[in-house]
Amino acid sequence: MTTLTHLSNAGVSVLIDTTSGTPEVLHWGRALPADIDVAQLVASQVEPTPHCDFDEPQTIGIWRENARGFIGAPALIGSRPGRDWSHHFTVRSTKAQDSSVTYTSIDAEAELEVEAHFELTEQGVLKLTQKVTNLGLSEFTVDSLTGYLPVPDYTTEVLDFHGRWMNERQPQRQEIRVGNWVREGREGRTGHDFTLIQFALADGTNFEHGEAWGLSLAWSGNNRQIVERTAIGRTSLGAGELLLPDEVILGSNQTYEAPTVVAVYSAEGIDGASHRLHSMLRARPNHPTNIRPRPITLNVWEAVYFDHNFDKLAALADAAAEIGVERFVLDDGWFGSRRNDLSGLGDWVVSKDVWPEGLSKIIDKVKSVGIEFGLWFEGEMVNQDSDLYRAHPEWILQSGGRVPPTFRNQQVLDLAHEGAYQHVFNQTNAILGEYDIAYIKWDHNRVLTEASHFGKAAVRQQVQAIYRMFDELKAAHPGLEIESCASGGGRIDLGMVDHADRFWTSDNNDSLERQSINRYTSIVIPPELLGTHVGPTKAHSTGRTHTHAFRATTALWGHAGLEWDLTEASTEERVMLKNWTDFYKANRGLLHSGRTVRTEHADRNAFLHGVVSQDQSEALFMLAQLRPSEFSRPANIRLTGLDDKATYEVRVVEPAGAAVAMQIIAPRWYEGVRLTGALLATVGLRSPVLRPEQALLMQVKKV
């Protein structure tokens, strides 16, 4: 019986060997031939025995046990009081199918069973799910169960992403050194600093070229992601749930299943990894674009804030209909005593002070102009000045009888408490049952501190509860869409993507800041799941003023919408917005299905970004000049990702007005030029001399 399992799909191979009695990943990366000589391959990977080391070569395997000679962190860390902290697992069964394999291993002495399930999707994305089961009679505490995968010795750099509120997912790239580079999230959610993915890169890898190995975690709670280079010289990527003390204690025959680790390899640069992840998500039957096109959305928060005046909102609905908006979202302030952010959270009943006749009046108005209606909730939170808190102060997450410090004037409801859970579900469900609401925006504005359920750490239970909440609301209201918003760009991850239909990418609608936020978020999450809105002329977040063309062109590259008081827009501005929404509707099929390309541009002060249809027949590209160019005649515009042999016509399109340039004569190709894909990718087009904070939109069609 062979000991080698070879998973292969879409140009990716995974080789796992069990000759030593434990699964060992010999290779994860570029596709390998099917006819591998197992004995020769295994022999080629046996480590040497240096001086001052174990006397015989040791096979570490996926569990990385200390008992097998590994002196770093094991995959499973846990114990019974005073014992069974060191483990030695031996494979008992291997169940292989075409694209997956499951290994079950036992440590009879420690009375533990572990399972590792590897699945290589049709898109070449590797999913690793691990479990541990307590076979003993006494309790076993799990401290961590991390998924590790090896990467080649020739990886040289780590790329991950940091951030804060209104400045999410900013790249940082550095040399891989001996030791562990660890990114931890302890907010109780995947916060604004969550890296989303962590890459190990070969030397010189960029968006277009080179090899990249990336790990992400399908989880919306506390997390840990690791790049490890040992003193031995081997490098691994790791990811797993960050468990709080005693958060997982297994009774007899109980099992802990760790969140799935999502691993992606690309031989075509970072964009190749992005393409695999986008393709995997788009293949889901319930992926939003497999159900209907993504509607133009108007969120009225920055137009009215807490001032819910019917006449004002009705005028906004009329203006929205005039320019082609398809969804109208009423934000915070419609419920309870919520006239500001100091009170009312938790009381999900329509305010008689603001809406004495209920929400029917505004919903009927919105629907009468042909627009569907959406509503804002923040069901996991509570103000201490609320009917709910006064009735049930024990329903908040707290430890030791202490009331945690307020954060945005809020506390967090303990959704592991069935009473609290049912309160939120029942009140939300009642609103959705009474009114015709197609969409809810669900916010999460507070980090979790002292996240305790009856004295026990409960972040994991909180995350599972919100997954359950979203799933049950959707089951009760077929067709309901949910936007996940956590102070804008928090809680964006591959766990929530299976429960929500859209992410609010950032509370920052400043187009200059959104250029980078959108660019790096979309490495993992496809653009159709990312809310990208045209904000006010003067950004509320930064105070900057941008042209309509820059704001609208930036907002095209996602699930587009507006966050602007349209009643203040002039006739000319409304005409511009109508042209823009028409262009979005005509091109959203391409924008939301094509392959994202991020061309490496020679001008460090500009981004060059595009989307190419899967059949390479058409494309849209954007040149965004972020800061002044270094040169009086900027670097050529290379359009990549096209068919080298095909001929394309390229022209500038201006659905929201012209990009402002500092030039007397524009490049001659503006009104149309025909070149092959190879010439566009290598020679390119002469660039205009754009002013900073301007964006040029180019339409490309195969002749």
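Below, all heavy atoms of this structure are taken into account, side chains as well, without hydrogens, waters or symmetry copies.
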Arg519 NZ/CZ over Trp557 ring centroid, <6.0 Å and within 45° of normal: no

Centroid separation Trp301 to Phe306 less than 6.0 Å: yes

Qualifying residue, where the test is side-chain contact (heavy atoms from CB on, under 4.5 Å) with Thr521 and the options are Ile523, Val524, Ile517: Ile517

Tyr439 six-ring face occupied by Arg327 cation (under 6.0 Å, within 45°): yes

Parallel, tilted or perpendicular, as decided by the 30° and 60° cut-offs, for the rings of Phe328 and Phe373: parallel

Validation row, ring centre His533 to ring centre Trp504 under 6.0 Å: yes

Flag for Gln130-Tyr256: side-chain donor and acceptor within less than 3.5 Å: no

N-O pairing of Asp271 and Arg595 below 4.0 Å: no

Cation-pi check, Lys361 onto Trp355 ring (under 6.0 Å, within 45° of axis): no

Check: Trp442 ring centroid to Phe470 ring centroid under 6.0 Å: yes

Distance-only side-chain donor-acceptor flag, Thr554 / Gln515, under 3.5 Å: yes

Donor on one side chain, acceptor on other, Asn167 and Asn508, under 3.5 Å: no

Salt bridge present between Arg408 and Glu378 (N-O < 4.0 angstrom): no

Least distance between heavy atoms, Lys474 atom then His499 atom: NZ-O, 3.1 Å

Between Trp348 and Phe377, ring centroids under 6.0 Å: yes

